[in-house]
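Report on the structure given below.
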Protein chains: 2
Amino acid sequence: MKIGELAKRSGLTAHTIRYYERIGLLPYADRDRSSRRDYDASILVWIEFLGRLKTTGMPIRDMLLYAELRDRGSGTEAERRALLERHRESVRAHVDELNACLLVLDTKIGGYAETEQRMKDYDATLPERRRKPVGARSPRTR
Amino acid sequence: MKIGELAKRSGLTAHTIRYYERIGLLPYADRDRSSRRDYDASILVWIEFLGRLKTTGMPIRDMLLYAELRDRGSGTEAERRALLERHRESVRAHVDELNACLLVLDTKIGGYAETEQRMKDYDATLPERRRKPVGARSPRTR
DNA sequence: CTACGAGTTCGAGCGCACTCTAAGTCAAGA
DNA sequence: TCTTGACTTAGAGTGCGCTCGAACTCGTAG
């Protein structure tokens, strides 16, 4: 598989794949006789895992650490495991934090709902007349 | 309250507070007669809310948008609400994604546990002798 | 009076994670 | 043969969110 194909399948750009190889996140890929990278499909599994680590906020330097341990092979399992366990804890903590923030958001949004209700109630007390529609415009910005 | 005090109470640095004011995230603070910022404690509520938005991954440009709506005052509630609702959705989606990643991490970590178990089992089959302790070293790195 | 510490402004610098450009190589199809 | 397009490298540039430095001004304690 050439880099373009891998890019398509992995969701990364070819630029990013080369960048990852350069910094050591991806192994140095075998080149064909015209020095083009030729990938085995198995690399996709690794890229997908890197994606999970990235999604969960692991900085590249930690992924590099993990990748190095992996390269060193057997004998590093305990360390790799510990790394992942530490990361898992930080992700869990972050999820908890996000959930707490979601509660705050709910409250805040609820507050606006009340405000809008009060405005509607107030409008309803106005004499019969065409009323300015409230909050009718689409809020899409950007 | 002077900027140093606010920094202590908010957890931001004085540098960051000035930066936030510069870009419009914090209102232009009143200055005392020697042009020092003098804050009212109420600013803390706003900073805390900004912190929530930040924690949940809202980019500064969106916080700015919210801040501007807030400054414009009444009549912008529906838009502010919509902004927060959209953000809430993205946070929820992200939490779901994180939870999915946590499952993957659990599996991966479980895999290492099995490997280590196999290694222990294998070690146990070895002739009676002082065995190299496996995974005994503290995994603390950094 | 002087020294100190906390503040001021303006602008440069930094770390991260890409992202892109330029100039060149190569293989296959018209 | 010529063209096209996907690839190569080295290195520069980008966007974000701060973070820091330099040079200066105050108000107060000793």
Side-chain angles (χ1 to χ4, degrees), chain A residues 1-40 43 46-68 87 90 94 97 101 142, chain B residues 1-40 43 46-68 87 90 94 97 101 142:
Chain A
M1 195 192 331
K2 290 288 187 290
I3 200 172
E5 177 71 8
L6 179 60
K8 244 172 252 162
R9 295 205 195 191
S10 67
L12 300 177
T13 69
H15 278 307
T16 302
I17 293 169
R18 288 189 207 102
Y19 164 69
Y20 278 1
E21 178 183 301
R22 204 155 73 213
I23 65 173
L25 254 196
L26 292 179
Y28 184 85
D30 292 339
R31 315 295 158 115
D32 65 12
R33 47 187 162 17
S34 56
S35 44
R36 278 147 197 221
R37 291 167 181 82
D38 206 351
Y39 292 96
D40 185 288
I43 194 75
W46 175 237
I47 291 178
E48 195 186 345
F49 184 61
L50 287 178
R52 305 278 185 184
L53 296 182
K54 182 184 159 180
T55 294
T56 50
M58 182 184 283
I60 282 186
R61 62 178 170 284
D62 290 0
M63 298 188 207
L64 273 177
L65 188 51
Y66 185 83
E68 280 158 23
H87 181 59
S90 85
H94 189 221
E97 207 172 22
C101 289
R142 289 165 56 88
Chain B
M1 195 192 329
K2 289 290 187 285
I3 200 172
E5 177 71 9
L6 180 60
K8 243 173 252 161
R9 294 204 196 191
S10 67
L12 300 177
T13 68
H15 277 307
T16 302
I17 293 170
R18 287 190 208 102
Y19 165 69
Y20 279 1
E21 179 183 299
R22 204 155 72 212
I23 65 173
L25 256 196
L26 292 180
Y28 184 86
D30 292 340
R31 316 294 158 116
D32 64 13
R33 48 190 162 13
S34 56
S35 46
R36 280 148 195 217
R37 291 168 181 82
D38 206 350
Y39 292 96
D40 184 289
I43 195 74
W46 175 236
I47 291 178
E48 195 187 347
F49 184 61
L50 287 177
R52 306 277 185 184
L53 296 182
K54 182 185 159 178
T55 294
T56 51
M58 181 183 284
I60 281 185
R61 62 177 170 282
D62 290 359
M63 296 187 210
L64 273 177
L65 188 51
Y66 185 84
E68 280 158 22
H87 181 59
S90 84
H94 189 223
E97 206 173 21
C101 289
R142 289 164 57 88

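Lettering of chains follows the sequences in order, A, B, ..., and the numbering in each one begins at 1.
A/Arg31 comes within contact range of the sugar-phosphate backbone alone, with a heavy-atom separation under 4.0 Å but no base atom that close.
Interatomic distance, A/Ile60 CD1 to A/Ile23 CD1, rounded to the nearest 0.5 Å: 4.0 Å. Separating the CG atom in B/Leu6 from the CG atom in B/Leu26 is a distance of 8.0 Å, to the nearest 0.5 Å.
With distances taken from any side-chain atom of A/Thr16 to the nucleotides C/dC26, C/dG11, C/dT19, the minimum falls on C/dT19. Side-chain proximity of A/Arg33 to the nucleotides D/dT9, C/dA27, D/dC18 is greatest for C/dA27. Nearest to the side chain of A/Pro59, among D/dT8, C/dA17, D/dG17, sits C/dA17. When distances are taken from the side chain of A/Arg22 to each of D/dC26, D/dG11, C/dA17, the shortest belongs to D/dG11. Nearest to the side chain of A/Ile60, among D/dC26, D/dC7, C/dC18, sits C/dC18.
B/Glu5 pairs in a side chain to side chain donor-acceptor pair (under 3.5 Å) with only one of the listed residues (B/Arg9, B/Lys2, B/Lys8), which is B/Arg9.
In this model, a side-chain donor or acceptor of B/Arg36 finds a partner on the base of D/dC26 within 3.5 Å.
One interatomic measurement links the two molecules: CD1 of B/Ile17 to C1' of D/dG17, which rounds to 15 Å at whole-angstrom precision.
Toward the 5' end of DNA chain D, the nearer of the two residues A/Arg37 and B/His15, judged by each one's closest nucleotide, is A/Arg37.
Of the possible polar contacts, none joining the A/Asp38 side chain to the A/Arg31 backbone as a donor-acceptor pair under 3.5 Å is found.
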